[in-house]
Amino acid sequence: MYRLTDKPIELNELLACVGDPGAGAVSTFIGATRDNNEGRSIISLDYEAYPGMAEQELARLGEEAAEKWEITRMAIVHRIGNVPIGEASVMIAVSAPHRDAAFKACRYAIDELKKRVPIWKKEIYEGGEIWIGSQSGQRFATP
Amino acid sequence: MYRLTDKPIELNELLACVGDPGAGAVSTFIGATRDNNEGRSIISLDYEAYPGMAEQELARLGEEAAEKWEITRMAIVHRIGNVPIGEASVMIAVSAPHRDAAFKACRYAIDELKKRVPIWKKEIYEGGEIWIGSQSGQRFATP
Amino acid sequence: MKVRVKLFAMLRERAGAGDAVHEVPDGFTVNELWNRLGDVYPGLSGIDLKLLYAVNSEYVERGHRLADGDEVAFIPPVSGGSPVPVDRQAVERRMTCTG
Amino acid sequence: MKVRVKLFAMLRERAGAGDAVHEVPDGFTVNELWNRLGDVYPGLSGIDLKLLYAVNSEYVERGHRLADGDEVAFIPPVSGGSPVPVDRQAVERRMTCTG
């Protein structure tokens, strides 16, 4: 399961998806909106995706991980739109016979997701907004 | 939260426990009963603990992890008694401002748990039972 | 020929448009299209971001030649969490692997 | 003096007892107690497992001297998942740290 959603993500849905009688280990990762970033007080985050390509690239992360490690199943759900503090923007679950593969594949998925899956994050903080990921951040602050 | 239970474990309970507005990352690990081990068809696993000391050692893992990495909170729940295939025997959740600390602390907790928290596992497989962890396994097979 | 241009995030905001069809000469490259967009949308000119380029949802190099009906996406630095510089090498290895 | 002996898992099954109070000489060590248990419970004699020892829920060395009323646990190799050899060094470092 590799999908985008504009609703809160339920980890139990991912767990049900990766569950398997042969899986002795599940590693999950949840990325959530923090109340601060580099000294700014965050109000919320806004996520925007390139639909179609984003899901395709998420699925590719799963395929790549399955080539590198012995995993059973992977699921990634990314939330789009406004995500308040404390709520999850992304959840990843990976099942595997043994824990080493589950941990490594889960870490790989989130690290690579942040490098090349076409999803963008705008920080809405007290005093302004800024797109995260721009090498020259302030130039893309919007009033 | 560091506790033993004889009921199914709910990951959402651990997530609620480690949630924090300053936590941008949560890493969780679930260990579950696999249907096979070293060629044996597993029916279920039976866990036995040294109550009191087991919870104390689980809490110590959390303290040690907090000394090593910048984490926000950790929770570990271990199930005791009979655990059928596909159900979880242990769940760990670690929140942190950033993902690197969350992943490393979660991995540390499960690796150390398996080395020195006084909880034992008996495998009930087709044809017999065996305590796992004995260096000379077969000697502790019970008819 | 006609190509469909997708702009996202800061690019979309700077251009004031996220999805538009443009008429371009046959054999135009992704890079030529990007330069053309700088004329069409003044907000995009002079941007010094490291962009990635996708045609029909697959990453391509900037010299990639477009075909009629292509959907071309200009992808500013992505990030789902703490700012991480895009690892161009990893992306290029990935592109090589998938043809 | 009296000490309480806790046996777990394969040790409990081999002894046929998991929790019992034993009368031992003053100043008895954990190791001496273990040898004594081999006489009391024939199923425990000749066991070649690497054991850990805990007194009042803290890991101790086998030479640790017992006091009246101590709870002594004999801890066979633990494992919550795939069999992992006990890392004695890590356990000993841990014991050092916590006194």
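Chain letters run A, B, ... following the sequence lines, proteins first and then strands; every chain starts at 1. On a predicted model such as this, the values are computed, not experimentally measured, just so you know.
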*Side chain, backbone, both or neither of B/Ala49 within contact of chain D (heavy atoms, under 4.5 Å)*: backbone
*Taking D/Tyr59 for its side chain and B/Arg116 for its backbone only, find out whether a donor-acceptor pair lies under 3.5 Å.*
yes
*Find the distance between NZ (B/Lys115) and CG (D/Leu52) and round it off to the nearest 0.5 Å.*
12.5 Å
*Is the side chain of B/Gln56 donor-acceptor paired with the backbone N or O of D/Ser57 at a distance under 3.5 Å, no angle test?*
yes
*asked:* Any non-hydrogen side-chain atom of D/Pro76 less than 4.5 Å from a side-chain atom of B/Trp131?
replied: no
*asked:* Does anything in residues 7-19 of chain B form a salt bridge (Lys or Arg N to Asp or Glu O under 4.0 Å)? List the pairs, not counting sequence neighbours.
replied: B/Arg3-B/Glu13
*Decide side-chain contact (heavy atoms from CB on, under 4.5 Å) for B/Lys122 and D/Met10; before the verdict, give the C-alpha distance in whole Å, the side-chain angles of both, and the deciding distance to 0.1 Å.*
CA-CA 9 Å; B/Lys122 181 196 262 186; D/Met10 56 285 262; over 6 Å; no
*Taking all non-hydrogen atoms of both residues into account, name the closest pair between B/Ile119 and D/Val78 and its distance.*
O-CB, 3.5 Å
*Where do D/Arg12 and B/Trp120 land on the side-chain contact (heavy atoms from CB on, under 4.5 Å) test, with the steps shown first?*
CA-CA 11 Å; D/Arg12 176 179 52 71; B/Trp120 298 270; over 6 Å; no
Distance-only criterion, 3.5 Å: show the donor-acceptor pairs between side-chain atoms of residues 21-28 of chain D and protein atoms not counting sequence neighbours.
residue : atom : partner : partner atom : Å
D/His22 : NE2  : D/Tyr41 : OH           : 3.4
D/Glu23 : OE1  : D/Lys2  : NZ           : 3.3
D/Glu23 : OE2  : D/Met1  : N            : 3.0

*How far apart are the C-alpha atoms of B/Met53 and D/Glu58, what are their side-chain angles, what is the distance that settles it, and do they pass the side-chain contact (heavy atoms from CB on, under 4.5 Å) test?*
CA-CA 8 Å; B/Met53 185 171 176; D/Glu58 294 289 344; over 6 Å; no
*Looking at B/Ala54, B/Pro118, B/Gly52, which has the largest count of heavy-atom pairs under 4.5 Å with chain D?*
B/Pro118
